[in-house]
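Here is the naming used below: chain letters follow the sequence lines, and residue numbers restart at 1 for every chain. Not measured: the values here are computed from a predicted model.
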2 protein chains.
Amino acid sequence: MRAEDEKGVGFRPLYRQVKDTFVKRMADGQWPPGHPLASESQLASELGVSQGTVRKALDELESENLVVRQQGRGTFVAQHDEKRILFQFFKLIKNDGIPRFPESQVLSAGVFKATAEEREGLDLGSSAMVARVRRVRFIADEPVIVETLSLPDAMFPGITEVPVPNSLYAYYAERYGITIASAREKITAIALQPRDATILDRDAGHPALMVQRLALALDGRAVEWRVSLCLTDTMHYASSLR
Amino acid sequence: MRAEDEKGVGFRPLYRQVKDTFVKRMADGQWPPGHPLASESQLASELGVSQGTVRKALDELESENLVVRQQGRGTFVAQHDEKRILFQFFKLIKNDGIPRFPESQVLSAGVFKATAEEREGLDLGSSAMVARVRRVRFIADEPVIVETLSLPDAMFPGITEVPVPNSLYAYYAERYGITIASAREKITAIALQPRDATILDRDAGHPALMVQRLALALDGRAVEWRVSLCLTDTMHYASSLR
DNA sequence: CAGTGGTCTAGACCACTTT
DNA sequence: AAGTGGTCTAGACCACTGA
């Protein structure tokens, strides 16, 4: 792997090629979550680049939460453990500021023809099927979120046939080899419909946050479309601007 | 400046010391917004470190949006121009996805005794005074945000005595030498009070996003407390999870 | 063309973990 | 003590800007 390979018009630095190689290995399942990477110098000699170039590739992967480095121990492919979920993907926190992992209770699950909204979010064809899961989530035994998840059925065959666990992203990785790498959320305020209000133990019309999340896999494919209705009487969505 | 100066218990890498030096220069006004930095190698020889160490310090400052680098031109202290505001600080976008900078109309302004909420957010003493500005913001000529800003009066003397401009963060820097570096937002859903509903041309009880922002200066001081009520009928708050 | 930031390399040493 | 990531240095060359 030489820098010269890619010079000229579309110049792509060597360290990015190295990074792409590593991402590919993670997406392939060669490097599953938790996998310990070889040392930086070993990877460098394997790829025929300098240790500093490998290091720069790993710097970017670390900043994207795709690998975890521990001084003295090594570098590991990131896992969707509770800590990472809370840090990276769960922005709803109690007003006391302490993050808590919610419990879940599935209300319904099945495979259906995708709605227009789902097709648009997940970039699906007009006759595509989606697995749909509706569930309530509890924090400190209070129902605070009711949400609907939509997954392309082709990517997740049979997912609604057995009970889904509370921590979905680890399950996607384990059962289907799909790693959620990032997500985009759109947040609006809505008035609760009677059906959702009942579940959340509020009156119809009560204000709630609607969080619409599109989750993307390592290769950038849209993988999960999630619409969450969240009570914010004792909680808030935390966003850091820097 | 040698690494050895800080070894031992509280080890602080050299590049962080360099970074702190640069931040100090920005906070001091030695390096105001837009200021062109000397070249990396000049800074390195000035501080007696290697160019790579200066580079690593600038890498962090760039990732925090405190400097802007342009290959071939140089490195500049970041300014609060429209582009940066939209990118870093304005997360409410029209559902069509195109970011637009809102217009503002001030409703009232004055200096008052700080409320408990303001004292807590801004870390003020019990008898502190705050400058308070209430304004409506328009996107595409529609009133979509009504917000109240609270500023420690001691930091911003006289700010309510002349009309405040639409782009406040540039004004804080220009008139008071205070640079807003980052912010934290807490988002909840509320039902509009009659007073706010009228301003936003909706009925009382209409759902809205309440965004509570605490903005921090370069030195980490809490500088601005802002509570914005936002209509999300044709807009949403965008959040990127990575 | 000179000057800037961006990439890549090679090597030394430090901080930390594990054996 | 050995092995890992983390820091720091020095030097070469590339990509880009502006005079």
Practice prompt. Measure the shortest side-chain to side-chain distance between A/Q212 and A/W225 over non-hydrogen atoms and say whether it is less than 4.5 angstrom.
Written response: yes

Worksheet item: For B/Q42, which contact category applies under a 4.0 Å heavy-atom criterion: base, sugar-phosphate, or nothing?
Response: sugar-phosphate

Worksheet item: OP1, OP2 of C/dC8 versus side-chain N and O of A/T53: anything below 4.0 Å?
Response: no

Can you give the donor-acceptor pairs under 3.5 Å from side chains of residues 83-92 of chain A to other protein atoms, not counting sequence neighbours?
{"unit_1": "A/R84", "atom_1": "NE", "unit_2": "A/Q88", "atom_2": "OE1", "d": "2.8"}
{"unit_1": "A/R84", "atom_1": "NH2", "unit_2": "A/N65", "atom_2": "O", "d": "3.1"}
{"unit_1": "A/R84", "atom_1": "NH2", "unit_2": "A/Q88", "atom_2": "OE1", "d": "3.2"}
{"unit_1": "A/Q88", "atom_1": "NE2", "unit_2": "A/A181", "atom_2": "O", "d": "3.3"}
{"unit_1": "A/Q88", "atom_1": "NE2", "unit_2": "B/R242", "atom_2": "O", "d": "3.3"}
{"unit_1": "A/K91", "atom_1": "NZ", "unit_2": "A/F87", "atom_2": "O", "d": "3.3"}

Quick test: give all pairs of protein nitrogen or oxygen and nucleotides 17-19 of chain C nitrogen or oxygen below 3.5 Å, distance rounded to 0.1 Å.
{"unit_1": "C/dT18", "atom_1": "OP1", "unit_2": "A/R73", "atom_2": "NH1", "d": "3.4"}

Fill in: Pairing residues for B/E103 by the salt bridge (charged side-chain N to carboxylate O under 4.0 Å, His left out) criterion, not counting sequence neighbours
none

Item to complete: Taking only the side-chain heavy atoms of A/E40 (C-beta and beyond), determine which of C/dC8, D/dG5, D/dC8 contains the nearest atom.
Response: D/dG5

Worksheet item: Take atom CD in A/E46; do more than 12 heavy atoms of anything else shown fall under 6.0 Å from it?
Response: yes

Practice prompt. Determine: side-chain N/O of B/K56 to OP1/OP2 of D/dC8, distance under 4.0 Å, yes or no.
Written response: no

Fill in: Under the salt bridge (charged side-chain N to carboxylate O under 4.0 Å, His left out) test, residues paired with A/D81 that sit two or more places apart
none

Practice prompt. Could you list the residues that satisfy side-chain contact (heavy atoms from CB on, under 4.5 Å) with B/S167, not counting sequence neighbours?
Written response: B/F101, B/A170

Worksheet item: Looking at the side chain of B/R55, which of D/dG5, C/dG6, D/dA15 is the nearest nucleotide?
Response: C/dG6

Item to complete: Quantify the bending of the helix from C/dC1-D/dG18 to C/dT18-D/dA1 as the angle between its end axes, each fitted on five pairs, to 10°.
Response: 10°

Worksheet, complete the sentence: Here the distance between atom C1' of C/dC8 and atom CZ of A/R16, to the nearest Å, is 15 Å

Worksheet entry | N/O (side chain, A/S50) to phosphate O (OP1/OP2, C/dC8) under 4.0 Å | no

